[in-house]
Amino acid sequence: MTANDHNSHSPINPNTLPNFATMPNVATMDTTHVDKNQPPFILVDGSYYLFRTYHALPKTMQNSQGLVTNAIRGTLNALLKLMRRYHPTHMAVCFDTKSPTFRHAMSEEYKANRPKMDIELAEQIPYIHRLVTALGIPLLRIEGAEADDIIGTLAYRAVAEGHHVVISTGDKDMMQLINDCVILEDSFTGKMTDSAGVVEKFGINPEQMIDFLTLMGDSSDGIKGVPGIGKKTAKDLLNEYGNIDNMLKNVANIKGRAGKNLLEYADDIPMNAQLATIVTDLEVGQDWQDLKINTDPCAHINELRELYSELEFRNELASLDHPNHPANGNGHGTQSVAHSQADAESQAQIAKSLQSSTIGDITDSKIHDRAWHTILDESAFDNLVQLLASAPHFVIDTETTSVYWRQAELVGLSFAVQAHEAYYIPLTHALEGDELIAKQLDRDTVLARLKPILENPNIGKIGQHLKYDAHILSLYDINLLGNIHDKPNNWAMDTMLASYVINAAITRHGMDDLARHYLQTQTISFEDVAGKGAKQVSFDQVAIDIASDYACEDADITYQLFDLFSKKLADDTNNAKLLHELEIPTAEILCQMEANGILIRRPFLNELSKRFDEEIIALEKRAYEVAGEEFNLGSPKQLGEMLFDKLGVVGGKKTKTGQYSTGEAVLSKIDHPLVDITLEYRGLSKLKSTYTDALDNVADAKTDRVHTSYHQALTSTGRLSSTDPNLQNIPIRTATGRLIRQAFIAPEGRVILAADYSQIELRLMAHFSGDKNLTHAFNEGLDIHAATAAEVLGKEVAEVTATERRNAKAINFGLLYGMSAFGLAKQLQMSRSEAQDYIDMYFERYPGVKDYMINTRASAYEHGYIETILGRKLYTPDINHSNRMVKQGAERAAINAPLQGSAADLIKLAMIAVDKVLPKEQAKMLLQVHDELVFEVDADKVDEISQLITNAMQDVLTATAVEKGWNVNFAVPLLVETDSGQNWDEAH
DNA sequence: GCATCATCTTA
DNA sequence: GTAAGATGATGCG
């Protein structure tokens, strides 16, 4: 029989039950004889790829005959990937058939609720079968057996015969087949799962998988499981009792619902277990040796050609003439994939999964031409100290117990003075049983020796996200900060900020992202060494040899990035200037601001929480009365159903997910008592949960100060963002909201001082557009929104009504946001054509602004980026996107980016300028909120310092920028407004 | 337990 | 119409 003779199997009688007692168990079988150096036996779960790719890939993939081809493509890509990766000699693709199996005979509910297969999918199946055969891969379908069972059987036989096995599937049920020599690989997502992967994912061993599935059940397959036992309980029970038999023996000891139900449903367990068990001794009537790939390049080439032509897979067709097409039995073919983006992502994931795998020819991607050292004795440390002290610059990286610097303790330090060589000094690792922990050098001794080097401004410090390391070192009384910006001309560099300045959009700026993007290297992830989720341990619980690899890699990669970015910056002096004169100095100031924190009034916040809570409860009660029943007022879904279905309110609109929209914009148009109650309820619960409760939780227990964390390499425009907590969105618009602001105070003898740029983005618009009317209004010091209304309506500023000013304000903001008539109409609640008329009138009066819009858009198309006032390039990758909506979104972002981005540049300059003149004993900079800086200052020095700050901020373009070599002739004045008071509300 | 949605807060 | 982050509810596995 030939390998592809897939119709030759005798059907399996669905009424003959497998003998579960004698069935071999793949997870526990002996694997000592398996030769891991041979290519693996590949078993593909064809049915999985069929369904997965059909639902995941767009149905718009069709040939000219209207045949949907997404599942064909998806499955083909999975197969080609496997062949390229493993160069297998033995492989089989298994499919389910429509006929019933023993599971259907056992349980009426088994897969009973599966909807009928879509016709668009059914049509693709014959093509997929033909394709598999034409690729020379054995195809297996057996009446009365599921693909799982064929795979289970073949996996057992293959391992028994000395092969290791890769099962290509995304079905978690198959995890019961995993052992030392059998792994799962989902070729669609790139995810690989070995034994450790099962433990990581579910907290149990592969051999416990059947019991796990039996307890949990599977609603999509119609397997019930034990009610009340989900993933978590099943895991806990299995960890305690090992298996279900043992659980039942000790069922009296199992408390609560789990124990009760286990007893009550004990009779169902055997059947559910059998439904969940993959058969491993099917009568397949075929020996595994027959499942060889047909490697004759000419065998099926004509069939393939015909298929690809009919399907209109042009790239695949062309690649048939390429000598390395995988169908020719050679695993190095060119990629021929329709979804380059999705594919690139899954490739990256595959690359990642390769790291941890040790099976077969899956390569360990660690490079070996490198020297990574663990420093565990005095003389090695002496040598390192010598090396660092005499280096012009070096990479430093701290390893700690937490990503939050305020909770972190130092665990070790890594260094690099050149690429491919790195040192790790473990200091406080404490993993029980790790023999190396006793050899660690003393932390304080090491730090004392390093302090003069780390504080030496003449030795450049290089790091990835140095602000973090600076925070950590400052906890140990080491001041790294001076080295970051006091010597802007040395080699000091923050690779995260360098990447951000060079191109903020091309990748995120974490070290893993940078290594992947710029060095084509997949780093050891933190999760690889410390686990993830609830099971993650802190770094001091990682074994020193593993930790050392991780830490050395970090330092090594950082050095390599430093080399690469240094070259890029040498070619672009403005980028170099942005890094050294703007971002790195800003980082140092942010470090101080974060360390300062801002004082809050805890008792006041607690009092507010209590008050809000009482009002919330009263509102809930009223809502239940109006509704006639209790429901969750905080659930948009339940509220929508109550309002529009049960209470019959008209005007309900649905969101894209099919539920009613209950956003503020919709509700405020409805006249109904429940709406008023809801809006008030939402306002108060927002304030309570997001602000009064949250701030109290994060404030330092001893000092009552709140320390936010600023992210400097995140936004697409150059703005900062603030997290944990976000102090850039503290309420201000409503009176109740402002109560929160009143909780931010200055200590005794000091006041809060706030300084903000007035209308900075509109001033930038005036500058960039050069528009005469706009420039004139700012130069005359007019109320800009009133001036706009007067100009557009052709009347005097004094005659402008409140509504006219409000509309003008909306259009001014709209301009900054790349406005459309549609958007303006929605904002002003007018018709689209009215909005369009208004916009037309505006552009007639402000032609320069119209030109700015056109020119900025054009620049984005021409260069792929726009520039801010300091020449920061902000890339606009979606400007040529094939989706019209996405493309238009990118156009609006491009129009906004120079304005928002330039404002971000200016406030960073302002922070640098202010920091330089601020008397540190009398004032501290605390917060930055995009166009505002918040300080606490000695009460008796407020006027003086306020003037100092105002001057520094207003003069950034005429003084600070010029000193640093940026010469900008700004078209309008920069105006700063300051105020001060006991709290942030009074200061605003 | 983790991701996504809907909502609301800021500049 | 731009740029963010946090929360509770909900859905998935």
What is the nucleic acid contact for [X], judged by heavy atoms within less than 4.0 Å: base, sugar-phosphate only, or nothing?
X: A/D756; value: nothing
X: A/S685; value: nothing
X: A/Q827; value: base
X: A/F822; value: sugar-phosphate
X: A/E761; value: nothing
X: A/G663; value: sugar-phosphate
X: A/A810; value: base
X: A/N726; value: sugar-phosphate
X: A/L815; value: nothing
X: A/L714; value: sugar-phosphate
X: A/S820; value: base

*When you measure from the centre of the six-membered ring of A/F612, is the NZ or CZ of A/K688 under 6.0 Å away and within 45° of the axis?*
no

Distance (rounded to the nearest 0.5 Å) between [X] [atom1] and [Y] [atom2]:
X: A/L643; Y: A/I670; atom1: CG; atom2: CD1; value: 5.5 Å
X: A/I866; Y: A/N855; atom1: CD1; atom2: CG; value: 13.0 Å
X: A/Q638; Y: A/D645; atom1: CD; atom2: CG; value: 12.5 Å

*Shoot me the first and last contacting nucleotide of DNA chain C against chain A, ordered 5' to 3', at under 4.0 angstrom to non-hydrogen atoms.*
C/dG1 to C/dG13

Quickly work out the [X] [atom1] to [N] [atom2] distance and round it to whole Å.
X: A/L687; N: B/dT10; atom1: CG; atom2: C1'; answer: 13 Å
X: A/R719; N: B/dT10; atom1: CZ; atom2: P; answer: 14 Å
X: A/L679; N: B/dT7; atom1: CG; atom2: P; answer: 11 Å
X: A/L684; N: B/dT9; atom1: CG; atom2: C1'; answer: 14 Å
X: A/N812; N: B/dA11; atom1: CG; atom2: P; answer: 17 Å
X: A/R682; N: B/dC5; atom1: CZ; atom2: P; answer: 18 Å
X: A/R738; N: B/dT9; atom1: CZ; atom2: C1'; answer: 14 Å
X: A/L816; N: B/dT10; atom1: CG; atom2: C1'; answer: 16 Å

_Stretch residues 885-900 of chain A: residues that reach within less than 4.0 Å of DNA chain C through a heavy atom_ = A/R892, A/A893, A/N896, A/Q900

*Output the residues of residues 688-698 of chain A in contact with DNA chain C, where contact means a heavy atom of the residue under 4.0 Å from an atom of the strand; sort by number or write none.*
A/S689, A/T690, A/A694

*Please assess A/Y710 against A/Q728 for the test side chain to side chain contact (heavy atoms under 4.5 Å, CB included), listing each intermediate value before the final yes or no.*
CA-CA 10 Å; A/Y710 288 104; A/Q728 291 181 321; 4.0 Å; yes

_Side-chain H-bond candidate by donor/acceptor type, A/S833 with A/Q836, under 3.5 Å_ = no

*For side chain to side chain contact (heavy atoms under 4.5 Å, CB included), just list the numbers for A/L764 and A/I869, CA-CA rounded to whole Å, side-chain angles, deciding distance to a tenth of an Å, and then say yes or no.*
CA-CA 9 Å; A/L764 283 159; A/I869 198 161; 3.9 Å; yes

*Which heavy atom in A/M175 sits nearest to a heavy atom in A/P206, and how many Å separate them?*
O-CB, 3.5 Å

Between [X] and [Y] (side chain of the first, backbone of the second, donor and acceptor by atom type, cut-off under 3.5 Å), is there such a pair?
X: A/Q536; Y: A/G531; value: yes
X: A/T169; Y: A/D171; value: yes
X: A/D878; Y: A/H881; value: no
X: A/D724; Y: A/T708; value: no
X: A/E932; Y: A/Y757; value: no

_Proximity to the side chain of A/D931 - top-ranked nucleotide from B/dA11, B/dC5, B/dT9_ = B/dA11

*In terms of side-chain heavy atoms of A/T662, which of B/dA6, B/dT10, B/dT7 is nearest?*
B/dT7

*Taking only N and O in the side chain of A/R733, is any of them less than 4.0 Å away from OP1 or OP2 of B/dT10?*
yes

